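What follows is one structure encoded as structure tokens, with my remarks underneath.
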Amino acid sequence: MTTYTPDTILGDIVTADPSRTRILDRFGIDYCCHGQRPVREACEEAQIPVDEVLAALASEAPGRQEAWADLDDAALVEHIVGTHHQFLWEEFPRVGALVDKVARVHGPNHSELIQVREVFGKLRGGIEPHLREEETDLFPKITARAGEDGPLSEELRSLLKENMVEHDNAGGLLAELRRLTADYTVPADACGSYMAMLTGLEEIETDLHMHVHKENNVLYPRVLAAG
């Protein structure tokens, strides 16, 4: 049984046992963009008793470590693109169409849907160029460097820092979508499209959280530490 302490790093928890993301999500603890923090610091920021979070983490049977945790840099890049990028390239257009339709039909009775459409547009408008930049520039540089010694170029170091800032921006927009939808609660008058929209938005949130975790807390720290 894993022992969790106030000093355990959030990102290490998720890498060792991805099933623990459900618990951290329940408490509203950011383990992706700010996963290098200890549990204590995250709880203080969220104003949650650290003992309560530690007890919840220890209360469920452990899951298993996923295969991606043992991949080298080049293989992890390939995994991220094939798993998370592919998901978002397919889901953004599909969910975007649902967001537009639901805002148009239900907007008169649910004014928050207009904001949902606006925030989703900002999220998609920021993430799609971000994915493209990773695929065409940042990731090829990481893959080309895999296994090599020597200092990082300032260009690569700068790209990594910019990338993580963009992750922070996406994290804020995801939190806003969750707030606007009352944690993706289905209203009484929701139609099938409305329910499909909420499910799609939550699935995008879940995928992006793990996607960013793999980059911010696993891949990028390894690249920076090597140079």
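When reading the values below, keep in mind they use all heavy atoms of this one structure, side chains included, and skip hydrogens, waters and symmetry mates. Predicted model, so just to flag it, every value in this text is computed and none were measured. Numbering of residues begins at 1 and proceeds along the displayed sequence.
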Checklist entry - Roughly how far apart are E202 CD and D183 CG, rounded to 0.5 Å? => result 8.5 Å
Item to check | Transitive ILVMFWY side-chain link L219 to I13, under 4.5 Å | outcome: yes
Next on the checklist: Quick test of your reading of the model: are D25 and R22 salt-bridged, counting only N-O distances below 4.0 Å?
Outcome noted: no
Checklist entry - I142 versus Y220: any side-chain heavy-atom pair under 4.5 Å? => result yes
Checklist entry - Are M210 and W68 side-chain neighbours, meaning at least one heavy-atom pair lies under 4.5 Å? => result yes
Item to check | Cluster overlap L201 with I114, hydrophobic side-chain contacts below 4.5 Å | outcome: no
Checklist entry - Out of I9, V218, L10, which residue meets the side-chain contact (heavy atoms from CB on, under 4.5 Å) rule with T15? => result V218
Checklist entry - Shortest non-hydrogen contact from G126 to P129? => result O-CD, 3.5 Å
Checklist entry - Do H130 and H167 meet the criterion of a side-chain donor-acceptor pair at a distance under 3.5 Å? => result yes
Checklist entry - Take atom CD in E78; do more than 12 heavy atoms of anything else shown fall under 6.0 Å from it? => result no
Checklist entry - Does A196 offer a backbone N or O that forms a donor-acceptor pair with the side chain of T199 under 3.5 Å? => result no
Next on the checklist: Any non-hydrogen side-chain atom of Y31 less than 4.5 Å from a side-chain atom of R37?
Outcome noted: no
Item to check | Any side-chain heavy-atom pair of F139 and E215 under 4.5 Å | outcome: yes
Item to check | Criterion side-chain hydrogen bond (donor to acceptor under 3.5 Å, both in side chains) on K214 and H84, from CA distance to verdict | outcome: CA-CA 10 Å; K214 291 174 185 178; H84 300 291; 2.8 Å; yes
Item to check | Path from I204 to V81 over hydrophobic side-chain contacts below 4.5 Å | outcome: no
Checklist entry - Do H106 and S193 come close enough that some side-chain heavy atom pair is under 4.5 Å? => result no
Item to check | Note: R94-E91 ion pair, threshold 4.0 Å (strictly below) | outcome: yes
Checklist entry - Are K122 and E118 close enough for a salt bridge, meaning some N to O gap below 4.0 Å? => result yes
Checklist entry - Are F87 and L198 connected in the hydrophobic side-chain network, where two residues link if heavy atoms are under 4.5 Å apart? => result yes
Next on the checklist: Tell me the closest heavy-atom pair linking V116 and L177, and the distance in Å.
Outcome noted: O-CD2, 3.7 Å
Checklist entry - What is the distance from atom CG of D73 to atom CZ of R145, rounded to the nearest 0.5 Å? => result 9.5 Å
Item to check | Flag side-chain contact, heavy atom, 4.5 Å: P6 against V39 | outcome: no
Checklist entry - Under a 4.5 Å cut-off applied to non-hydrogen side-chain atoms, are F120 and L174 in contact? => result no
Next on the checklist: Strictly below 4.0 Å, N to O, side chains only: are D137 and K141 in salt-bridge contact?
Outcome noted: yes
Checklist outcome for this item: CZ of R222 to CG of N217, rounded to nearest 0.5 Å, is 12.0 Å
Checklist outcome for this item: Rounded to the nearest 0.5 angstrom, the CZ-CD distance for R157 and E162 is 13.5 Å
Checklist outcome for this item: Rounded to the nearest 0.5 angstrom, the CZ-CD1 distance for R26 and I23 is 5.5 Å
Checklist entry - Hey, quick one: are V119 and V95 part of the same hydrophobic cluster, counting side-chain heavy atoms closer than 4.5 Å, chains of contacts allowed? => result yes
Checklist entry - Between CZ of R178 and CD of E205, what distance do you get to the nearest 0.5 Å? => result 4.0 Å
Checklist entry - Is the gap between the ring centers of H110 and Y194 under 6.0 Å? => result yes
Next on the checklist: Less than 4.5 Å apart, side chain to side chain, heavy atoms only: is that true for E176 and R179?
Outcome noted: yes
Item to check | Closest approach of V105 to P108 (non-hydrogen atoms, all atoms of both residues) | outcome: O-CD, 3.7 Å
